[in-house]
Number of protein chains: 2
Amino acid sequence: MTNGSPGRTERAGRTERPRAGRSGRTGRRGGDSGTREAILDAARKRFAAHGYGGATIRGIAADARVDPALVHHFFGTKERLFAAAVRLPVVPGELISSALAAGAGDPGSSLGEHLVLTALAAWDVAEIRDTFLGLLRSAATSEQALIMLREFVTEAIVGRLSAAAGTADPAQARYRAALVASQVVGLGIARQVLGLEPLAEAGRAELAAAVGPTLDRYLSGDLG
Amino acid sequence: MTNGSPGRTERAGRTERPRAGRSGRTGRRGGDSGTREAILDAARKRFAAHGYGGATIRGIAADARVDPALVHHFFGTKERLFAAAVRLPVVPGELISSALAAGAGDPGSSLGEHLVLTALAAWDVAEIRDTFLGLLRSAATSEQALIMLREFVTEAIVGRLSAAAGTADPAQARYRAALVASQVVGLGIARQVLGLEPLAEAGRAELAAAVGPTLDRYLSGDLG
DNA sequence: GTCTATAATCGGATAGAC
DNA sequence: GTCTATCCGATTATAGAC
């Protein structure tokens, strides 16, 4: 019922795959057919939409127009498929570093605003959003995914941010960075998961102006 | 494996149930044995820990020391059990109203600090925490639970809070209240779900001093 | 009210032909 | 690389005895 594909005749021909970069070097080995990437794409979307437990190999295979057995053929188990699907092509820590650098060199707008804009822009990239959503939804149910998400937030976000905190004490710096993370994650969940209405449709600039100062204060202001 | 109860002999005698209120009026009908409440308790904890999809009727029944068939006998389906389990005994909107009233009458500390302290205190009440966690974890997977959570946040939190926003425009008031909700929810998730370390062990007063001013600014400050 | 079957379904995983 | 067939475990839900 979930897969009411009208026809299901054309399924074998997998020639319509979009060729990636191809920068002079020959793309891949000869025997390849793009199926693996199609499965990964479908998996990312399914994990993002339903979480680890809710996503099924059968459903992912259907989305990728592929036989379920092929998923096992390529990835072995569901766990390994998940691990492969949430491997980000772009390291988010680098985004933060860029935002920190940009914020430092721009006296016109604050560091906090740069961080919010960076986060909002990242949410708009399908692969990043799906990866983070998949991690988030899965962490609700799977202990393994929770650990991955915690490490992700701790290392990539808090780790980088604590360098920008206005404190010499490392413990204080991590505390400040964690406060920033709590507001950024909360904003993302409210907008993207909950769909909290006045927030979900607000513009980037508006949100940056609203919560940027909060992050500035968490990073280097007076905390009471 | 999850349920390595050592013995499982004593299971029938259900006489040790704690009597609730009992305010003059005879508690319940004669045929009662407290099983229903035991099931609800176990269900709340299981839904909080594993979400809707992850929690099983069998597991809930095991926790309640009861036969799985009894769960169906009392609640019919898993969905109806969930609905019954996440029905809060205390309406959280009233907590917010109290915090608003207390904050208004206390010039010593700000309204935002009162709100943070109220939220942190609510997290410490087992039934409230379990209900909210159950809703949260389930919303990650179940569309139905997501709707319930959204209505919960929208009506109980944003609805009440927007009354306290320093704006005449109702749309602006809801926007301000939603910003508050995003920070409060983010803090709760970071602490209770993610277990983000510097935050999870921070004291209530410290957190109130840190994020209280954020809420004050969202409610009635300059947003850019 | 409580429990023992048991039906019906679904999902992950494997073996092996082509 | 791809697909068919199948096994196995887990789960919701029901019927009906006591």
Side-chain angles (χ1 to χ4, degrees), chain A residues 1-3 5 8-17 28-40 42-43 46-47 50-85 138 141-142 144, chain B residues 1-3 8-15 17 28-40 42-43 46-47 50-85 138 141-142 144:
Chain A
M1 229 73 62
T2 317
N3 184 22
S5 58
R8 86 177 294 284
T9 26
E10 73 301 292
R11 190 245 285 100
R14 176 143 290 293
T15 38
E16 71 287 21
R17 128 184 93 113
R28 277 184 175 264
R29 213 66 62 80
D32 168 53
S33 55
T35 303
R36 195 192 159 90
E37 273 66 30
I39 293 173
L40 277 179
R46 283 261 169 178
F47 285 132
H50 309 296
Y52 181 80
T56 64
I57 290 188
R58 288 161 140 93
I60 291 168
D63 279 4
R65 310 296 268 269
V66 143
D67 191 280
L70 269 189
V71 180
H72 285 111
H73 176 63
F74 282 119
F75 299 97
T77 69
K78 191 184 179 184
E79 266 193 13
R80 289 165 58 91
L81 171 62
F82 179 75
S138 302
T141 299
S142 150
Q144 184 57 36
Chain B
M1 230 73 61
T2 318
N3 182 22
R8 86 176 295 282
T9 24
E10 73 299 293
R11 190 246 287 99
R14 175 143 292 293
T15 38
R17 126 185 93 116
R28 280 183 173 263
R29 214 65 62 80
D32 168 55
S33 55
T35 303
R36 193 191 160 90
E37 272 65 31
I39 292 173
L40 277 180
R46 283 261 168 179
F47 285 131
H50 309 295
Y52 181 79
T56 65
I57 291 189
R58 287 158 137 91
I60 291 167
D63 280 2
R65 311 298 267 269
V66 145
D67 190 280
L70 268 189
V71 180
H72 286 111
H73 176 63
F74 281 119
F75 298 97
T77 68
K78 190 183 177 183
E79 265 193 14
R80 289 166 58 93
L81 171 62
F82 179 73
S138 302
T141 298
S142 150
Q144 185 57 35

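These figures come from a predicted structure and were not determined experimentally. The sequence lines fix the lettering, A, B, ..., with proteins before strands; numbering per chain opens at 1.
In this structure, A:R46 atom CZ and C:dG12 atom P are separated by 11 Å, rounded to whole Å. In this structure, CG of A:L70 is placed 16 Å from P of C:dA15, rounded to the nearest angstrom. Atom P of nucleotide D:dT2 and atom CZ of A:F74 are separated by 5 Å, given to the nearest angstrom. A:I39 places its CD1 atom 10 Å from the P atom of D:dC3, with the value rounded to the nearest Å. The separation between B:D67 atom CG and D:dT14 atom P is 15 Å, rounded to whole Å. Across the protein-nucleic acid pair, A:H50 atom NE2 and C:dC10 atom P stand 15 Å apart, rounded to whole Å. A:I60 has its CD1 atom 11 Å from the P atom of C:dA13, to the nearest Å. For the pair A:R58 CZ and C:dG11 P, the interatomic distance rounds to 7 Å; values are reported in whole Å.
With rounding to the nearest 0.5 Å, the separation of NZ in B:K78 from OH in B:Y52 is 5.0 Å.
When all heavy atoms of A:A64 and A:A38 are compared, the closest pair comes out as CB-O, 3.7 Å. The two residues A:T141 and B:G54 have their closest heavy-atom pair at CG2-CA, 4.5 Å. B:F47 approaches B:S138 most closely through the heavy-atom pair O-OG, 4.5 Å. Scanning all heavy atoms of the two residues, the minimum distance from B:I57 to B:P68 falls at CG2-O, 4.1 Å. Contact between B:L81 and B:A43 at its shortest, heavy atoms only, is CD1-CB, 4.0 Å.
Considering only side-chain atoms of A:H72, the nucleotide from D:dA13, D:dG1, C:dG12 that sits closest is C:dG12. Which of D:dA13, C:dG1, D:dT6 sits closest to the side chain of B:T77 comes down to D:dA13. Nearest nucleotide to the side chain of A:T56, out of C:dG12, D:dA13, D:dT2: C:dG12.
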Do any N or O atoms of the protein come closer than 3.5 Å to N or O atoms of nucleotides 15-17 of chain D, and which pairs are they?
none

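Under the 4.5 Å side-chain criterion, counting only non-hydrogen atoms from C-beta, A:F75 is in contact with A:L40.
Residue B:A61 is out of contact with every strand shown, counting any heavy-atom pair closer than 4.0 Å.
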